[in-house]
Amino acid sequence: MQFITDLHVHSKFSRATAKDLDLENLYLTAQKKGITVVGTGDFTHPGWYSEIKEKLAPADEGLFKLKDDMRAHFDQHVRPACRGKVRFILGAEISNIYKKNGKTRKIHNLVFFPDMESVEKFNRILEKIGNIKSDGRPILGLDAKYLLEIVLETSPQAFLIPAHIWTPWFSILGSKSGFDSIEECFEDLTPYIFAVETGLSSDPSMNWRISGLDGLTLVSNSDAHSPSKLGREANLLNTELSYSAIKSALHSGDPEHYLGTFEFYPEEGKYHLDGHRKCNVRLWPQKTKEKGGICPICKKPLTLGVLHRVQELADRPEGIKPKHSHPYYNIIPLTEILSEILMVGPGSKKVKHNFDQLIDKFGPEFRILHSLELDLFENSGLPLLREAIKRMRCGKIDLSPGYDGEFGKIKIFNPAERENLLGQKNLFSVPIPSSHHNIEKFEEFKLCDPKISKEIRQSAKAQKQKVASSQKDADAQNNFPGTLEKLNLEQRLAVQHPAGTLLIVAGPGTGKTLTLTYRIAHLVSQKHVSPQNILALTFTHHAAREMHHRLKMLLPNTKPLPLATTFHSFCFQILKEYENTNNAFTIIDDYEQTYFLQKALDALKQDNIHIPLKAPKILDKIIAAKQRMLEPQDNLESVAKKYEVENIAIVYQTYQKLLSIFGHYDYDDLIFRIVRLLETDKSFEIKCRDRFQYILVDEYQDLNHGQYRIIRALSPTGKNLFVIGDPNQSIYGFRGSEVRYFKRFLQDYPDAEIIHLKQNYRSTQTILDASFQVISASGCGTDVESRVFSKIIGVKKLSIIEAISEKAEAVSIGQCVEKMVGGIGFYSIDFDKIDGTEEDMSQSFSDFAVLYRTRGQGDIIADVFHKAGIPCQVANREDAIYKKGVAEIVSFLKVIKGIGSYPDLERIIDLTGIEISAKFLNKFSAWGLRNGLQLSQALQNIRHFTFERMKEKDRLTFDGFLLKLSAMKSQMQKMNLEKKTKYILENPVLPPTEKKKENLKTASGHIVGIMREFRSREFEFLSQIALESDTDIYNPQSEKVTLLTMHAAKGLEFPIVFIAGCEKGFVPFQRSNRKTEDLNEERRLFYVAMTRAKKRLFLTYAKKRMVHGQTVNRKLSPFVKDIEKKLRQHETPYIYRTNTDLAVQLKLF
DNA sequence: CCTACGTCACTTTTT
DNA sequence: GTGACGTAGG
């Protein structure tokens, strides 16, 4: 049978839709329009889905109908002339927002399923990926390709159709956010795409110009946001009424079954031509090109319309019809025709009345518009109707094309014609107007010759290629001096500085790493310094990696590249060389530190030596001692006296002894040992100095005492010492860093020169002004010299958001993110008056960061984000390495490798779920430690291990565990790291619980990521994983909002930054009833946090917050008050403005 | 000797 | 809101 279908509609649960957009009204309207199959839309939304389940019943195969009892009730509202079958097909639209190949993609896709079970399965999967509750069209940070994969895996019957493929902001081929081809998006899954939706602003003939769309069925749907818009575009099919028949008609495009589409005049669509709505500028693509794509009024880039984009991608001239194309029919909604005939608005009573009369008389709208014989309209009571429909059917219509979100306008008659028609009644004497008749008015809009457009397109392409290849050439050679153009004067001076000592004071965003790497490149390629003689030191792996990466680009032909690494890794490396690796040692993390310290304390307790302090506190003391280069026998008074710790020296000594027995170093040992070696072993010192003649240090203000002594020892004269830093960003005082060393540089090296970098390339001037006000507020001893400036202009104010609780704060942040990512104009909707720039539509999740003072804050935010379905990653080493099972796997690998320690054994027992009592393990470890046995030795000598009242059962369980372990060990012998990890996951000693399994799975992904860098260097990986830091876990590629502490954010940047918890007590941080330890450091920390933002900075705070299980009133941070009022915009969070009750909002999130 | 329950103190930031 | 520790009771 022939029938009409509209597959793309929404529900009342979608944003900006009519409240009466429910199934009943779809049922009624479909009949008025003459549509038989309607998409349900929005089935991912739980509210809408439950309505679907409640109101629809299975009908013909894969299709659904309104339940009989409901139908009976509604049928009386349908005129007899319109009555007809209505079937629903389960469909939804997904908004995929993600980065691919370096560009933010925002793509809408339609998905269809044959049955409710599949829909439920699908919804369950999506629920885990994103927030499907907040909108009928969910926003997912999910690659469209993976969406397709999920769709196909959920049901083989299911299919996906890219929606309105040409719209600039949200579509697969859209100019702002899409790809250049279907393949680029779906890659190897492209064959599963068999249809695309042309959208309101394009019709099939435009699509025919792209050969890449050949073979795809072009479908048209209404994308209705209200019942009345249903079927403004639709498809005409001729099949039996079933899901599979519809699918196969779309799939095959068989002209017998797929008869074609009903189309809006594309000119009527919102994005047909180019232009700026605000500036009243509307241009044909050709004109746009002449103007270089820039708006002649506001000088900003124009919004390019669909026509432009089509011409850009077209590889065929206009008017060509590919082989297997389907016919299409342009239609104008009957209400609009009536509106014109009656000369009143389309929403008027008059139009409505006439509309009802017409469908009463002639049947559904589509019948009137499309199939009814013209002569029948003679007695319609509307003298102009026949002519209007005739003109519509043959396309003799005046059109004023839409642009930049403005719908196009159509005119069927001009006043003279109208008079003629009404007066003379002689229809044939009236000249029929030609299309685009009022050419004067739209002179600018003459379509350009397709040939020209092709030429332009080709030349543009050639240009692009030229640029790309010249870039490649530049990169391919060591033609390094040429690239110095990228640097400003100060940077260049620094890079080309002659031999000698140089101190660079560089504020945030001034190109520190850039300058440093260029300096190295300069040394290698211009000064012909051997790369092996260069050492670049940083504090984080992230910085080291970035440096390495940039050096690789600058010096592609240099091998090996100069050593760019962290202080700790550097020490580890040369220590290993020094010890000649026979003495295998590993670096222990803080968990293991505490473990061994506890063991030391236990041992001392047995000797009746008591220490009146808990392990972590004692560890702090030991660390402090090490950072001051103090040995146990030294006078530790300075470290100990504060708490009058007796016997600290002997604990320190015992702890150190334990570590040395097992070949462990803690973080501070690395630095400590190297300093000792450099200062006592003359030949070692000479060797190092000889090897590292050129030393460059990043973030010099973060040096602690030990690190300072390393630098002093390596470069006592300062010859070829190049350090860069910013005293205002010194934030590591608590771990022994002292700005003192930075400030004292000029005394240490009197011949040193100093260069200031002041040009900031990161942030808007507003952000810099505000952050400077914070850092320079009275009496913080700020180095005013290091103030930076930028030429970037943006939003003129920071947004301050006050929330009622920490949860409400998280929700507000989440909502801001959702809005900005969803492309819903954030400010235009929520905050009415805002000066500044246009809303930026190109945000994706990874453009956001949320910073906070303490890790606990991150948990709340992550939790809320998780529930809201906002993809986020907590850059938190604890979580990444320890909680999610990574630690267990690493420990397992270590134990198998024979380098595990006792804490590793405890961790893997935990993993396997074997019930070995803690007591048994404790005794075992104590026995091993007492006898100075490494874990592997202890395991080999297990037979000798006994203790009083040892239970036989415990013993047997342990034996069983060990047996399995050794079996696994022999199995894994020849595997590489990745395989081993996989093997461990698949062959646990005993099957772990489901939850553990899941943790392990995510962990394995993590771990494989970290491992990739180490490849075959398994030992190195296992021995220094403890050196991995928070920021190393953070992955800038992934499409997620980044959550991190202010400390961890150092050295990073994000377009949009939220600083959460801007409250007295957090900013500056203050421990309960104690004084802030270092107010100025807190200020600098806040300064660092603020200067991470490129475009927008939000400062949020909660009026109430749980602290130690009690709700406490909180006040805005005094630091925020140091920002002058005119730079602050205090916003009411979105959450207060909605009609919905706050509780409901919070629940939803 | 072991378990159960009540009380208190606590949560900064990282290589 | 929780974890560690101490005391009372089995």
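In what follows, every chain begins at residue 1, and chains take the letters A, B, ... in the order their sequences are listed.
- Between the CG atom of A:Asp702 and the P atom of B:dT13 there is a distance of 17 Å, rounded to whole Å.
- Side chains of A:Glu546 and A:Thr513: a donor-acceptor N/O pair is absent below 3.5 angstrom, by distance only.
- Ring pair A:Tyr665/A:Phe572: centre-to-centre distance not below 6.0 Å.
- In this structure, the nucleotide among B:dT12, B:dC10, B:dT15 sitting nearest to the side chain of A:His1108 is B:dC10.
- The shortest distance between the side-chain N/O atoms of A:Arg855 and the OP1/OP2 oxygens of B:dT12 is not below 4.0 Å.
- Judged by distance alone, the side chains of A:His1047 and A:Tyr732 never bring a donor and an acceptor atom under 3.5 Å apart.
- In this model, a donor atom of one side chain and an acceptor atom of the other lie less than 3.5 Å apart for A:Asp669 and A:Gln656.
- Comparing B:dT12, B:dT15, C:dG1 by their nearest atom to the side chain of A:Tyr667 picks out B:dT15.
- For A:Thr1045 and B:dT14, the shortest distance from a side-chain N or O to OP1 or OP2 is below 4.0 Å.
- In this structure, A:Gln729 places its CD atom 20 Å from P of B:dT13, rounding to the nearest Å.
- Rounded to whole Å, the distance from NZ on A:Lys1050 to C1' on B:dT14 is 11 Å.
- Heavy atoms of A:Tyr732 sit under 4.0 angstrom from primed sugar atoms or phosphate atoms, though from no base atom.
- Picking from B:dC10, B:dT14, B:dT12 the nucleotide with the shortest atom distance to the side chain of A:Phe1069 gives B:dT12.
- Going from atom CD of A:Gln593 over to atom P of B:dT15 covers 13 Å, rounded to whole Å.
- Computed from coordinates, the A:Met1106 CE to C:dT2 C1' distance equals 11 Å when rounded to whole Å.
- When heavy atoms are screened at a 4.0 angstrom cut-off, A:Phe567 is found touching no nucleic acid atom at all.
- Within the structure, every side-chain polar atom (N or O) of A:Arg735 is placed at least 4.0 Å from both OP1 and OP2 of B:dT12.
- For the atom pair CZ (A:Arg853) and CZ (A:Phe1066), the distance works out to 9.5 Å, reported to the nearest 0.5 Å.
- The nearest whole Å value for the distance from the CG atom in A:Asp669 to the C1' atom in B:dT15 is 13 Å.
- In this structure, CD1 of A:Ile731 is placed 9 Å from P of B:dT14, rounded to the nearest angstrom.
- Between the CG atom of A:Leu703 and the C1' atom of B:dT15 there is a distance of 13 Å, rounded to whole Å.
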